[in-house]
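Model, not experiment: these values are computed from the prediction. Residue numbers start at 1 and run along the sequence shown. Whatever order the structure lists ligands and atoms in, that order sets their numbers, starting from 1.
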Amino acid sequence: MNAFPAHIDLKDRPALIIGGGAEALAKARLMLGAGARLTLIARKFAPETKAELQSRAHFIERQPVAADIEAAVLVFIADTPADEARRWAEIARMAGVLLNVVDQPALCDFTTPSIVDRGRVTVSISTAGAAPVLGKRLRADIEALLPPRLGVLADFADRYRDTVKATIAPRARRPFWEAFFEGPIAAQVLAGDEAGAHEAMLALINRPQTEEKSNTGAVHIVGAGPGDPDLLTIKALRLLQRADVILYDRLVSDEILNLARRDADRLYVGKAKSNHAVPQDEIEARLIELAREGKMVVRLKGGDPFVFGRGGEELEALRNANIPVFVCPGVTAATGCAAAANMALTHRARAQAVTFVTGHAKDEADPALDWSALAALKNTLVVYMGVTKAETIASKLIEHGRGRETPVAVVENGTRENQKIVKGSLAELPRLIEAGGIKGPALLVIGEVAALADGETLLEIIGKERAAA
Ligand SMILES: C[S@@+](CC[C@H](N)C(=O)[O-])C[C@H]1O[C@@H](n2cnc3c(N)ncnc32)[C@H](O)[C@@H]1O
């Protein structure tokens with residue numbers, strides 16, 4: 001360790017910044033964030049510094065004197081020429097006041113770390129001035145891992161510390177808190193449901209001593225996005241890194257699973273078309289069973305769990321079984337594929353609305369869609385699971401009045417490395433799929449916006465085949 005890390009309580013204590021420019025402003029924000037009583041001294045202040053800090057800090061426009069420095073607990077010198085800074089540093093040292101001179105490590109008693117600020121929970125990262133950029137990168141990594149409401153969780157736990165002390169035997173306290181931070185009540189606080197969390201906490205604490213005061217687990221229904229791991233939400237990544245068990249579908253990519261905690265159990269419950277690997281009710285029963293074992297379960301689904309993902313059914317089953325359940329959305333295939341194809345789904349000149357439908361129906365039947373309504377819309381129509389029924393979909397839409405020349409784009413494995421995009425007209429959709437060798441997972445995008453998609457036309461595909469032959 002190069003320097004001893006300590007967090008100084010500055011609440012209502014006098015802190016001084018010598019300097020009036022941008023560096024001084026940056027340090028002032030930190031001091032005010034820590035609740036210090038802040039004075040800034042400079043011969044001249046930048047207007048932005050004054051404007052931002054006006055009512056929150058005390059400004060003195062003159063040269064500092066020794067008494068100013070001696071009155072402070074902590075002093076920063078910023079935006080000040082080196083020889084002048086050395087003079088003030090000398091006075092601070094003689095007065096025993098902790099000092100930081102911005103960008104002059106040799107004159108500093110302490111350095112300012114990169115900070116991850118979650119209220120009461122603060123993480124500080126120091127490279128002892130050796131590599132501040134590395135410190136900032138580490139900070140960004142940690143920022144992504146820590147939930148925004150972590151400070152609220154710390155405050156919540158603090159409110160129950162005495163009660164837990166009074167009701168739970170010393171030996172059981174640590175396991176209690178460990179289970180609490182891993183369990184559903186903490187998840188409720190992090191999700192913003194503090195009222196519900198208080199209710200659950202009181203119920204837990206008030207259970208008779210003879211009953212176990214540990215939590216059941218919880219299930220998080222999480223959207224994994226369309227495939228590219230970069231499209232995972234920060235929250236989804238955090239949950240994956242905390243899960244004990246992950247139940248995942250066919251469309252969840254390996255790159256995403258590789259981001260999970262190394263020792264998490266992974267259960268494949270995927271369904272290939274017409275080949276339901278694990279029936280839906282068994283998946284739901286398994287989720288309930290695992291949560292009752294006290295596990296933190298992630299139910300990981302391709303795209304968004306609430307868009308053709310049966311997330312709603314799982315949510316209902318878990319709620320009926322009184323299992324704490326939370327939903328984390330994901331990027332749905334439609335928006336992922338649209339971005340991957342550089343094709344806006346709505347467009348001022350081409351489409352004022354977008355409709356998502358499924359081309360899949362039970363037992364291989366034709367999809368039971370309201371064709372005349374869909375054909376009449378003249379907006380963007382996105383068909384999920386529509387590859388095998390593309391011929392029916394195209395002919396039904398044309399039959400009900402959608403133009404044969406309406407542009408279409410088919411995006412297969414959108415956002416993944418093996419992404420393929422073909423485009424053409426509604427009338428040629430079946431041939432386009434056949435010539436392009438599209439097997440799925442793929443989306444059909446029908447409407448004027450499809451003309452904007454990056455992708456190969458039928459002519460280009462055929463031309464390539466001929467050239468290769
Ligand atoms: C059961 S649905 C799940 C949809 C998912 N919940 C979502 O929000 O994207 C599966 C269908 O989504 C579409 N899909 C999912 N991922 C895709 C991708 N990366 N590229 C193209 N289509 C995709 C395909 O139509 C696939 O058959």
Among non-hydrogen protein atoms, atom 3 (C) of ligand 1 lies closest to Phe308 O, 3.3 Å
With only distance considered, is Val331 within less than 3.5 Å of ligand 1 through an N or O on each side?
-> no
Can you list the atoms of ligand 1 that are under 4.0 Å from a heavy atom of Cys337?
-> 20 (N), 21 (C)
Answer yes or no: is there a donor N or O on one side and an acceptor on the other, between the side chain of Asp158 and the main chain of Ala154, under 3.5 Å?
-> no
Please examine the side chains of Pro226 and Val331, heavy atoms only from C-beta on, and report whether any two atoms are closer than 4.5 Å.
-> yes
Which residue holds the protein heavy atom closest to atom 27 (O) of ligand 1, what is that atom called, and what is the gap in Å?
-> Met385 CG, 3.2 Å
Please identify which atoms of ligand 1 are closer than 4.0 Å to at least one heavy atom of Thr332.
-> 7 (C), 8 (O), 9 (O)
Would a 4.5 Å heavy-atom cut-off, applied to side chains only, mark Ile221 and Leu318 as touching?
-> yes
Flag for Gln419-Asn413: side-chain donor and acceptor within less than 3.5 Å | no
Got the closest protein heavy atom to atom 24 (C) of ligand 1, with its distance?
-> Ala442 O, 3.4 Å
When the ring planes of Tyr160 and His198 are compared, do they come out parallel, tilted or perpendicular, using 30° and 60° as the limits?
-> tilted
protein heavy-atom neighbour closest to atom 5 (C) of ligand 1 works out as Gly302 O, 3.2 Å
Is there at least one pair of N or O atoms, one from Asp304 and one from ligand 1, spaced under 3.5 Å apart?
-> yes
Examine ligand 1 and decide if any of its atoms is less than 4.0 Å from a heavy atom belonging to Asn413.
-> yes
May I ask you to decide whether Glu255 forms a salt bridge with Arg416, counting only side-chain N to carboxylate O separations under 4.0 Å?
-> no
Heavy-atom contacts with Leu443 under 4.0 Å: which atoms of ligand 1 show up? List them by number with element.
-> 13 (C), 21 (C), 22 (N), 25 (O)
Short side-chain donor-acceptor distance under 3.5 Å, Ser124 and His7 = yes
Quick one: does Gly303 get an N or O within less than 3.5 Å of an N or O on ligand 1?
-> no
Pro226 to ligand 1: N or O pair under 3.5 Å?
-> yes
Taking the side chain from Arg118 and the backbone from Pro147, do they hold a donor-acceptor pair closer than 3.5 Å?
-> yes
Atoms of ligand 1 close to Val307 [distance to a heavy atom under 4.0 angstrom, numbered from 1] = 4 (C), 5 (C), 6 (N), 7 (C), 8 (O)
What are the atoms of ligand 1, with element, lying closer than 4.0 Å to any heavy atom of Val411?
-> 21 (C)
What protein heavy atom sits nearest atom 12 (O) of ligand 1, and how far off is it?
-> Tyr384 CD2, 3.4 Å
Looking only at protein heavy atoms, which one is nearest to atom 16 (N) of ligand 1, and how far off is it?
-> Ala333 CB, 3.8 Å
In ligand 1, the atoms that come under 4.0 Å of a heavy atom of Arg416 are 19 (N)
Backbone or side chain, does any N or O of Glu412 fall under 3.5 Å from an N or O of ligand 1?
-> no
Do we see a donor-acceptor contact under 3.5 Å between the side chains of Glu194 and Gln188?
-> no
Step by step, would you call Glu289 with Arg292 a salt bridge (charged side-chain N to carboxylate O under 4.0 Å, His left out)?
-> CA-CA 5 Å; Glu289 184 185 302; Arg292 288 202 173 129; over 6 Å; no
Verify the distance criterion only: is there a donor paired with an acceptor across the side chains of Thr112 and Lys27 at less than 3.5 Å?
-> yes
Against heavy atoms of Leu251, which atoms of ligand 1 measure under 4.0 Å?
-> 10 (C), 15 (C)
Do any N/O atoms on Gly414 end up under 3.5 angstrom from N/O atoms on ligand 1?
-> yes
What's the shortest heavy-atom distance between Ala186 and Phe181, and which atoms?
-> CB-O, 3.7 Å
